[in-house]
Amino acid sequence: MPNGYWGKILRVDLTNKKISEENISEEYCRKYLGGVGFAADILLKEVGSEVSALDPENRLIFGVGPFQASAVPGSGKFVVVARSPLTNAICYSVAGGNMGPMLKKSGFDSLVVQGKSDKPVYLWITDGKAEIKDASSLWGKNTEETTDLIRDELNEPKATVVDIGPSGEKEIAISCLTVDKASFAGRGGLGAVMGSKNLKAIAVKGTQKPEVADSQKVRDLAKELNKRIRETAPEGFLKGGTTSETTPTEELGDLPIKYWKGDSGGVWVEQAEKLSYPYYSDELNVDLAECAKIACRNCPIHCHRYIDSKEPARFAVTGVGPQYEALGMLGSCNLVEDIHAVAKANEICNLYGLDCISAGAFVAFATECYEKGLLTKEDTFGLELKWGDGDQLVEVVRQIAEGEKLGKLFAKGIVKAAEQIGGDAPKIAVHVKGMDLPAHDPRAFFSLAVSYATSSRGACHTHGLCFKAACGLLLPEMGITEIPDRFNMEGKEVIAAKFHDLSAIQDAATQCNFMMFGGFGITDMLNTINAVTGWDMSMEEFLKIGERLSTLKRAVNVKWGFSKKDDVLPEAIFIPAKEGCRAGKIPTPLEPAIDRYYELRGWDNDGKPTPEAMEKLGLS
Ligand code: SF4
């Protein structure tokens with residue numbers, strides 16, 4: 001068994017109620033690293049194009065990597081992977097809480113769930129054992145109630161609980177997974193995959209530790225990196241988490257305004273300040289001690305927000321507060337500047353188990369369709385949709401979460417909703433491969449245009465932190481040593497590809513990518529992996545894993561019918577702003593940059609990995 005791994009994948013077949021273990025070799029671990037690497041390999045081998053996302057034969061895979069055998073910063077993460085009901089493509093969603101370390105301590109490197117139970121169940125995994133337990137009484141409960149009830153039933157108050165809410169049970173295509181009430185595997189509707197299997201939750205508690213090659217070195221690295229992050233991460237980020245980003249993001253023209261039709265870049269800055277730290281912290285009574293309690297394990301940053309807001313009563317929230325993506329998509333994207341309304345809408349998403357990014361996008365899309373006469377009062381069940389209305393935001397988000405009234409229209413995602421509305425609605429919808437854009441605008445950072453178009457899971461900010469390069473986040477180990485011009489397409493295929501590779505490594509290792517903001521670089525990642533495993537992996541071999549996993553994920557999508565035709569951006573992104581710092585700027589010419597991206601990877605003109613590229617990466 002390799003150091004840092006158990007060499008074991010836990011398999012659960014819910015149809016046959018069969019639990020088994022599969023052994024994996026050290027060679028396999030070194031080739032795919034863990035997390036999304038193991039998962040993409042499993043999907044490629046086991047899920048054919050005929051298996052839809054909600055088919056029992058889809059696999060729902062939870063993975064960790066060598067980082068979870070350590071306490072280095074950001075190692076509180078795990079990744080969940082499956083075919084997505086929103087995009088039909090591969091989807092990987094990273095979350096935290098305590099699940100990553102607990103899954104590792106339970107004696108497994110991955111958990112693969114297949115089949116469908118004949119009644120609601122949950123899994124209880126502890127120290128090398130797994131049990132399928134009845135969850136009939138939990139069906140219909142929200143995510144917080146479910147977590148509490150499972151911990152009570154097991155008499156394990158410290159068990160980590162990953163669960164779905166009523167949205168996932170109804171298989172709503174933007175349902176998420178919630179971890180320990182405070183962290184979310186948000187994107188791509190993987191909560192619906194879990195619901196389709198009648199799997200309400202997974203509870204895990206482990207007390208075992210895999211062998212580590214050089215435990216003193218791992219401890220020293222953890223100590224040094226924690227100190228470095230505390231000393232070098234931006235002060236605003238340490239105090240306000242991602243909520244400190246709303247105002248600067250607006251100033252860069254990156255914040256979505258009015259479903260991508262409004263200008264930003266110094267145009268909406270006063271309103272953005274009301275959705276940003278420090279106003280956010282004062283208004284919602286952020287409690288930093290409570291933020292630390294709900295942070296992911298092994299984190300020096302504590303970005304999650306714990307709020308205690310009592311007024312106005314209809315928007316009162318005590319618990320987890322919105323982060324930047326929610327502030328952008330529920331807030332500015334809908335022209336809602338009332339932080340209390342955004343916090344309430346976000347709470348509904350959390351309790352029902354709904355992706356707040358897509359939920360915000362749906363409300364904004366519906367409002368634009370209503371404004372253009374594509375939706376009528378009859379379609380909206382009497383609502384007169386208008387921009388900037390906090391009460392309307394809360395009501396429509398609730399309907400989406402419940403899959404009722406106007407929410408029914410969105411139950412299968414933005415593409416199906418736009419088709420059903422008809423007329424110009426499909427042209428208005430802002431998505432890539434069916435995934436609603438997150439709160440970062442490719443008109444502000446042209447590398448994002450290439451990144452969103454070619455990303456295997458659709459429009460994805462965590463798979464495309466490439467925009468941070470233009471803000472000074474360089475990757476010298478990957479050859480990105482200079483701050484790029486954010487407003488031209490030259491070389492943007494390289495930046496997009498390198499950041500895709502990096503995120504593939506982070507999702508395999510498995511680590512929170514925010515640690516990079518505190519100087520946790522690629523060399524530190526490699527040093528950690530070598531200290532944990534005892535390998536003498538070179539930087540060249542390490543970076544090749546990123547290339548391998550990027551092409552592997554693409555190969556999964558190609559097997560399921562994806563090609564160049566799917567690598568397109570929505571029309572809204574080619575409408576230039578009239579005012580602000582990105583006035584007149586649009587990310588063109590995009591297609592040649594996408595072609596160069598394919599060429600760089602050794603994919604053919606249709607975006608399919610060639611046999612030579614597969615062989616070079618050991619994937620044939
Ligand atoms: S920075 Fe935030 S997301 Fe990352 S590990 Fe810490 S609490 Fe979790």
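This one's a predicted model, so the numbers in the text were calculated from it and none came from an experiment. Both ligands and their constituent atoms are indexed starting at 1 by order of listing. Note that the numbering runs from 1 along the sequence shown for the chain.
By the 30° and 60° cut-offs, the orientation of the rings of H440 relative to Y324 is tilted. Between F467 and F445, the ring-plane angle classifies as tilted under the 30° and 60° cut-offs.
Residue C512 approaches ligand 1 through these ligand atoms, each under 4.0 Å from one of its heavy atoms: 1 (S), 3 (S), 4 (Fe), 5 (S).
In this structure, K468 forms no cation-pi arrangement with F499, as its terminal cationic atom is not both closer than 6.0 Å to the ring centre and no more than 45° off the ring axis.
Proximity of C303 to ligand 1, defined as any heavy-atom pair under 4.0 Å, is shared by backbone and side chain alike.
For atom 4 (Fe) of ligand 1, the set of nearby N, O or S atoms under 2.8 Å includes none belonging to C299. Backbone or side-chain N, O or S atoms of H302 do not reach atom 8 (Fe) of ligand 1 at under 2.8 Å.
Although no hydrogens or angles enter the test, the distance criterion places no donor-acceptor pair under 3.5 Å between the side chain of D355 and the main chain of S175.
Ligand 1 lies less than 4.0 angstrom from a heavy atom belonging to K77.
At the shortest separation from atom 8 (Fe) of ligand 1 among protein heavy atoms lies C296 SG, 2.3 Å.
Residues T249 and D254 have side chains that never bring a donor and an acceptor to within less than 3.5 angstrom of each other.
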